[in-house]
Amino acid sequence: MSGRTPALTPPDSALAPVRHPDAPAPGEPIGSHYEHCFGCGGEQPHGLHLAAKAGEGVSVTAEFLVRPEHQGAPGLAHGGLLATALDDTLGALNWLLRVISVTGRLETDYLRPVPVGSVLHLSAEVTAVDGRKIYATAEGRLNAPDGPVAVRADALFVEVKVEHFTENGRPEEIRAAMDDPDQIRRVRAFEVNP
Ligand SMILES: CCCCCCCCCCCCCC(=O)SCCNC(=O)CCNC(=O)[C@H](O)C(C)(C)COP(=O)(O)OP(=O)(O)OC[C@H]1O[C@@H](n2cnc3c(N)ncnc32)[C@H](O)[C@@H]1OP(=O)(O)O
């Protein structure tokens, strides 16, 4: 079920999502979009270290080990972090569409508490595309891909140009990103495959 509020309901004109021909193959790991990303960056010591993989169609999966530093209540994951995990998993869908998009709206349901030590098995898929608007849904299951659903979300991502980052990000980090050949390669992957 996707889009329970009007803003998250695709209009009749929306199209089915199309997997880009150069998208990673199903099962292939999707690298981080930015090494310092709180959600998926390997260089971010305080981050969630989400590891996403491409799925079938326009979908991804990811895993997130809930550690003590992720607590909100004793022994339980913080709700905002769980929303972050859903958001970042949804962000990985960019690699399947080969567009750069950012979260415009994220609506989250918390269905079960998530204990520290759990592995959250996340999955996300694009449900529809309408111009720059990308409608998507995600869920997180406890301890197994078919475990009980603990969190779920509906989201609207909006396609942006790379200038969204270069014109709004703090200059220090933008300069460092531009000087990093790996980062440039990641961005180019989107730019040369419109
Ligand atoms: C160099 C480094 C590169 C790194 C690559 C990183 C990859 C990314 C990784 C991702 C990491 C993980 C993810 C993250 O953490 S992404 C980080 C969190 N997100 C943001 O920071 C985004 C902040 N927001 C904005 O920049 C703008 O508001 C955006 C770009 C979203 C739209 O402003 P823009 O001026 O461009 O467009 P528009 O206002 O004409 O709107 C266009 C259409 O969209 C509709 N709409 C908009 N908002 C909403 C809403 N809330 N509910 C419902 N609808 C909404 C709007 O009605 C319109 O529809 P229509 O009238 O056309 O029908």
Side-chain angles (χ1 to χ4, degrees), residues 2 8 17 19-20 23-24 26-55 57-67 69-72 76-111 114 116 118-127 129 133-143 145 147 149-160 162 164-165 168-169 173 177 180 182-183 186-187 189-190:
S2 178
L8 294 175
R19 183 191 181 96
H20 193 281
E28 202 174 298
I30 298 175
S32 171
H33 59 269
Y34 175 48
E35 279 303 304
H36 299 283
C37 171
F38 183 77
C40 58
E43 301 282 317
Q44 177 53 268
H46 309 295
L48 306 187
H49 298 286
L50 282 182
K53 285 184 185 166
V58 187
S59 74
V60 296
T61 58
E63 289 183 19
F64 163 41
L65 169 63
V66 182
R67 300 193 304 267
E69 53 270 39
H70 300 141
Q71 290 176 92
L76 293 176
H78 192 288
L81 275 184
L82 296 173
T84 302
L86 289 161
D87 188 28
D88 206 80
T89 305
L90 286 156
L93 291 166
N94 280 339
W95 291 96
L96 281 287
L97 292 174
R98 286 281 180 137
V99 300
I100 305 179
S101 68
V102 293
T103 324
R105 186 177 182 90
L106 179 73
E107 196 174 286
T108 309
D109 296 312
Y110 298 91
L111 308 176
V114 176
V116 170
S118 312
V119 176
L120 205 54
H121 290 256
L122 296 140
S123 57
E125 66 172 329
V126 177
T127 55
V129 177
K133 294 188 291 185
I134 298 163
Y135 296 84
T137 184
E139 64 179 24
R141 293 176 178 263
L142 278 176
N143 294 321
V149 179
V151 285
R152 60 172 310 285
D154 291 312
L156 174 73
F157 275 61
V158 180
E159 186 177 345
V160 293
V162 74
H164 171 92
F165 306 96
N168 294 299
E173 282 80 7
D180 175 357
D182 287 338
Q183 186 65 47
R186 285 181 205 120
V187 173
F190 290 93

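Keep in mind that this is a model prediction, so the values were computed, not measured.
Using modelled atom types, no side-chain atom of Glu125 and backbone atom of Ser59 make a donor-acceptor pair closer than 3.5 Å. In this structure a side-chain-to-backbone donor-acceptor pair under 3.5 Å is present from Tyr110 to Gly79. The backbone N or O of Tyr34 lies less than 3.5 Å from a partner atom in the side chain of Ser32, making a donor-acceptor pair. With hydrogens and angles disregarded, a donor-acceptor distance shorter than 3.5 Å links the side chain of Glu35 to the backbone of Gly42. No donor-acceptor pair under 3.5 Å is formed between the side chain of Asp154 and the backbone N or O of Thr137. A donor-acceptor distance shorter than 3.5 angstrom exists from the side chain of Asn143 to the backbone of Val119, with no hydrogens or angles considered. Within the 3.5 Å criterion, the main-chain N or O of Val114 finds no donor-acceptor partner in the side chain of Ser118. Between the side chain of Asn168 and the backbone N or O of His164 there is at least one donor-acceptor pair closer than 3.5 Å. Proximity of a side-chain donor or acceptor of Arg105 to a complementary backbone N or O of Ala155 within less than 3.5 Å is not detected.
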Test side-chain contact (heavy atoms from CB on, under 4.5 Å) applied to Val58 and Leu97, step by step:
CA-CA 7 Å; Val58 187; Leu97 292 174; 3.8 Å; yes
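Ring centroid separation for the pair Phe64 and His70 comes in under the 6.0 Å cut-off.
Of the residues Asp87, Leu8, Leu156, the one that meets the side-chain contact (heavy atoms from CB on, under 4.5 Å) test with Leu106 is Asp87.
Annotation for Ala77 and Val66: closest pair CB-CG1, 3.7 Å, computed over non-hydrogen atoms.
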